[in-house]
Amino acid sequence: MRNITHIIVHCTATAQTATVAAIQNYWRNTLGWVNPGYHVLIEANGNTRQLHDYSLTANGAAGHNANSIHIAYIGGVNQQGQPADNRTPQQKAALLRVITELKNRFPNAIICGHRDLPGVTKACPAFDAKTEYQSV
(Lines give C-alpha, C1' and ligand atoms only; values in the text may rest on other atoms or scores of the structure.)
Protein backbone atom coordinates (compact mmCIF):
# COMPACT_ATOMS: atom_id res chain seq x y z
CA MET A 1 0.00 0.00 0.00
CA ARG A 2 1.10 3.54 -0.68
CA ASN A 3 2.02 5.85 2.20
CA ILE A 4 -1.09 8.07 2.26
CA THR A 5 -0.33 11.54 3.62
CA HIS A 6 -3.33 13.44 2.22
CA ILE A 7 -7.03 12.96 1.61
CA ILE A 8 -7.82 15.60 -0.99
CA VAL A 9 -11.36 16.83 -1.64
CA HIS A 10 -12.31 18.00 -5.13
CA CYS A 11 -15.25 19.12 -7.21
CA THR A 12 -15.54 18.14 -10.86
CA ALA A 13 -16.13 21.76 -11.94
CA THR A 14 -19.06 20.53 -14.03
CA ALA A 15 -22.81 20.79 -13.81
CA GLN A 16 -24.31 18.50 -11.18
CA THR A 17 -26.01 16.67 -14.04
CA ALA A 18 -22.69 15.50 -15.51
CA THR A 19 -22.44 11.74 -15.67
CA VAL A 20 -19.65 9.57 -14.38
CA ALA A 21 -19.20 8.20 -17.92
CA ALA A 22 -18.85 11.71 -19.39
CA ILE A 23 -16.24 12.64 -16.78
CA GLN A 24 -14.29 9.45 -17.43
CA ASN A 25 -14.47 10.01 -21.20
CA TYR A 26 -13.08 13.52 -20.71
CA TRP A 27 -10.10 12.14 -18.79
CA ARG A 28 -9.40 9.45 -21.38
CA ASN A 29 -10.22 11.19 -24.63
CA THR A 30 -9.44 14.86 -23.96
CA LEU A 31 -6.67 14.67 -21.36
CA GLY A 32 -5.26 11.33 -22.46
CA TRP A 33 -5.12 9.94 -18.94
CA VAL A 34 -4.89 6.21 -18.31
CA ASN A 35 -5.73 6.59 -14.61
CA PRO A 36 -8.81 8.46 -13.40
CA GLY A 37 -8.65 11.84 -11.72
CA TYR A 38 -10.27 10.65 -8.50
CA HIS A 39 -10.47 7.49 -6.46
CA VAL A 40 -14.08 8.21 -5.46
CA LEU A 41 -16.73 10.26 -7.25
CA ILE A 42 -19.99 11.28 -5.57
CA GLU A 43 -23.07 11.87 -7.69
CA ALA A 44 -25.72 14.49 -6.89
CA ASN A 45 -28.02 11.83 -5.43
CA GLY A 46 -25.26 10.75 -3.02
CA ASN A 47 -24.29 7.58 -4.87
CA THR A 48 -20.63 6.88 -4.29
CA ARG A 49 -18.62 5.48 -7.19
CA GLN A 50 -15.21 3.96 -6.52
CA LEU A 51 -13.24 4.61 -9.71
CA HIS A 52 -9.76 3.54 -8.64
CA ASP A 53 -8.30 1.33 -5.93
CA TYR A 54 -6.72 3.25 -3.07
CA SER A 55 -3.49 1.33 -3.60
CA LEU A 56 -3.13 2.97 -7.04
CA THR A 57 -2.26 6.56 -7.97
CA ALA A 58 -4.96 8.81 -9.43
CA ASN A 59 -4.45 12.08 -11.34
CA GLY A 60 -6.22 14.44 -8.93
CA ALA A 61 -3.55 17.08 -8.27
CA ALA A 62 -0.34 17.35 -10.28
CA GLY A 63 2.69 16.90 -8.05
CA HIS A 64 0.59 15.59 -5.14
CA ASN A 65 -0.70 12.25 -6.36
CA ALA A 66 1.82 9.68 -5.15
CA ASN A 67 0.71 9.89 -1.50
CA SER A 68 -2.87 11.12 -1.83
CA ILE A 69 -6.38 9.79 -2.12
CA HIS A 70 -8.72 11.96 -4.18
CA ILE A 71 -12.46 12.30 -3.55
CA ALA A 72 -14.74 14.50 -5.66
CA TYR A 73 -18.36 15.51 -5.82
CA ILE A 74 -20.02 16.18 -9.16
CA GLY A 75 -20.63 19.91 -9.38
CA GLY A 76 -18.76 22.87 -7.95
CA VAL A 77 -19.68 25.54 -10.50
CA ASN A 78 -22.78 27.64 -11.13
CA GLN A 79 -24.52 28.12 -14.47
CA GLN A 80 -21.98 30.77 -15.44
CA GLY A 81 -19.10 28.37 -14.75
CA GLN A 82 -17.99 30.22 -11.62
CA PRO A 83 -17.00 28.30 -8.46
CA ALA A 84 -20.02 27.52 -6.28
CA ASP A 85 -20.55 25.18 -3.37
CA ASN A 86 -23.62 23.47 -4.76
CA ARG A 87 -23.27 20.13 -2.98
CA THR A 88 -26.57 18.45 -2.37
CA PRO A 89 -27.40 17.25 1.16
CA GLN A 90 -26.82 13.72 -0.14
CA GLN A 91 -23.36 14.65 -1.43
CA LYS A 92 -22.47 16.31 1.88
CA ALA A 93 -23.47 13.17 3.78
CA ALA A 94 -21.59 10.88 1.38
CA LEU A 95 -18.46 13.04 1.51
CA LEU A 96 -18.47 13.00 5.30
CA ARG A 97 -18.96 9.22 5.36
CA VAL A 98 -16.17 8.51 2.86
CA ILE A 99 -13.76 10.98 4.46
CA THR A 100 -14.45 9.55 7.92
CA GLU A 101 -13.82 6.00 6.64
CA LEU A 102 -10.58 7.08 4.99
CA LYS A 103 -9.38 9.00 8.03
CA ASN A 104 -10.00 5.91 10.17
CA ARG A 105 -7.99 3.86 7.69
CA PHE A 106 -5.23 6.48 7.31
CA PRO A 107 -5.25 8.34 10.66
CA ASN A 108 -2.17 10.45 9.92
CA ALA A 109 -3.47 11.73 6.58
CA ILE A 110 -4.23 15.44 6.29
CA ILE A 111 -7.68 16.30 4.96
CA CYS A 112 -7.68 19.29 2.64
CA GLY A 113 -9.21 20.75 -0.46
CA HIS A 114 -7.40 20.79 -3.79
CA ARG A 115 -7.10 24.56 -3.40
CA ASP A 116 -5.14 24.13 -0.15
CA LEU A 117 -2.17 22.46 -1.84
CA PRO A 118 0.98 24.51 -2.47
CA GLY A 119 1.03 26.13 -5.88
CA VAL A 120 -2.66 25.50 -6.62
CA THR A 121 -4.66 28.52 -7.78
CA LYS A 122 -8.00 26.75 -8.35
CA ALA A 123 -11.06 27.29 -6.14
CA CYS A 124 -11.64 23.52 -6.06
CA PRO A 125 -13.62 22.14 -4.22
CA ALA A 126 -15.50 25.48 -3.97
CA PHE A 127 -15.68 25.29 -0.15
CA ASP A 128 -13.23 25.19 2.77
CA ALA A 129 -12.68 21.44 3.18
CA LYS A 130 -9.92 21.90 5.78
CA THR A 131 -12.30 23.70 8.13
CA GLU A 132 -15.36 21.60 7.36
CA TYR A 133 -13.61 18.31 8.08
CA GLN A 134 -11.18 19.43 10.81
CA SER A 135 -13.00 17.39 13.45
CA VAL A 136 -12.86 14.16 11.44
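Everything numeric in this text was worked out from a predicted model, so none of it was measured. Atoms considered below: every heavy atom in the structure, side chains included; atoms not considered: hydrogens, waters and symmetry mates. Residue numbers count from 1 along this sequence.
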(request) Output yes when a side-chain donor or acceptor of Lys103 lies under 3.5 Å from a complementary backbone atom of Ala109, and no otherwise. (result) yes
(request) Look at the side-chain heavy atoms of Ile, Leu, Val, Met, Phe, Trp and Tyr, link any pair under 4.5 Å apart, and say whether Val136 and Ile110 land in one connected group. (result) no
(request) For Arg97 and Thr48, test the side chains for any donor-to-acceptor distance below 3.5 angstrom and give the result as yes or no. (result) yes
(request) Could you identify which residues cluster with Ile8, counting Ile, Leu, Val, Met, Phe, Trp and Tyr as linked when any side-chain heavy atoms lie under 4.5 Å apart, either directly or through a chain of such contacts? (result) Leu117, Val120
(request) Report yes or no: does Tyr133 contribute a side-chain atom to a donor-acceptor pair with the main-chain N or O of Asp128 at less than 3.5 Å? (result) no
(request) Taking the side chain as every heavy atom from C-beta outward, state whether Lys122 and Arg115 have any pair of such atoms under 4.5 Å apart. (result) no
(message) Using the rule that Ile, Leu, Val, Met, Phe, Trp and Tyr join whenever any side-chain heavy atoms are under 4.5 Å apart, tell me whether Trp33 and Val40 fall into a single cluster.
(response) no
(message) Has Asn67 got a side-chain atom pairing as donor or acceptor with Ile4's backbone, closer than 3.5 angstrom?
(response) no
(request) Answer yes or no: is there a side-chain heavy-atom contact under 4.5 Å between Ile99 and Ile71? (result) yes
(message) Using 0.5 Å steps for rounding, measure from the CZ atom of Arg49 to the CD1 atom of Ile23.
(response) 10.0 Å
(request) Using a 4.5 Å cut-off on heavy atoms from C-beta on, say whether the side chain of Asn35 contacts that of Leu56. (result) no
(message) Test your reading of the model: is there a side-chain donor-acceptor pair from Asn104 to the backbone of Glu101, 3.5 Å cut-off?
(response) no
(message) Minimum heavy-atom separation for Thr14 and Ala18, please, with both atom names.
(response) OG1-CB, 3.4 Å
(request) Find out if a path of hydrophobic residues (ILVMFWY) with successive side-chain heavy-atom gaps under 4.5 Å connects Phe127 to Leu102. (result) yes
(request) Not counting sequence neighbours, list each pair that qualifies as a ring-ring contact (aromatic ring centres under 6.0 Å, His included) and has a residue in residues 4-26. (result) His10-Tyr38, His10-His70, His10-His114
(request) For the residue pair Cys11 and Arg87, establish whether any side-chain heavy-atom pair is separated by less than 4.5 Å. (result) no
(request) Please answer: with hydrophobic residues joined when any side-chain heavy atoms are less than 4.5 Å apart, are Ile111 and Val98 in the same cluster? (result) yes
(request) Establish whether Tyr73 and Ile7 are linked, either directly or via other cluster members, by ILVMFWY side-chain heavy-atom contacts under 4.5 Å. (result) yes
(request) Show your reasoning for whether side chain to side chain contact (heavy atoms under 4.5 Å, CB included) applies to Phe106 and Ile69. (result) CA-CA 10 Å; Phe106 307 102; Ile69 293 178; 3.4 Å; yes
(message) For the backbone of His52 and the side chain of Gln50, can you confirm whether one donor and one acceptor N or O come within less than 3.5 Å of each other?
(response) yes
(request) For residues Gln24 and Leu51, determine if any side-chain heavy atom of one lies less than 4.5 Å from a side-chain heavy atom of the other. (result) yes
(message) Show the nearest heavy-atom pair for residues Cys112 and Ala129, with the distance to one decimal.
(response) C-CB, 4.0 Å
(message) Which heavy atom of Gly46 sits nearest to which heavy atom of Ala94, and what is that distance?
(response) O-CB, 3.6 Å
(message) Would Arg2 pass as a cation-pi partner of Tyr54, given that its NZ or CZ must be under 6.0 Å from the six-membered ring centre and within 45 degrees of the axis?
(response) no
(request) Would you give the length of the straight line joining atom OG of Ser68 to atom CG of Asn59, rounded to the nearest 0.5 angstrom? (result) 12.0 Å
(message) Nearest 0.5 angstrom please: Asp85 CG to Asn78 CG, how far?
(response) 11.5 Å
(request) May I ask you to decide if Val20's main-chain N or O and Glu43's side chain share a donor-acceptor pair within less than 3.5 Å? (result) no
(message) For the backbone of Ala61 and the side chain of Asn65, can you confirm whether one donor and one acceptor N or O come within less than 3.5 Å of each other?
(response) yes
(message) For the backbone of Gln16 and the side chain of Asn86, can you confirm whether one donor and one acceptor N or O come within less than 3.5 Å of each other?
(response) no
(message) With side chain to side chain contact (heavy atoms under 4.5 Å, CB included) as the criterion, how do Ile42 and Leu95 come out once you've worked through the C-alpha distance, each side chain's angles and the decisive distance to 0.1 Å?
(response) CA-CA 7 Å; Ile42 300 173; Leu95 276 164; 3.7 Å; yes
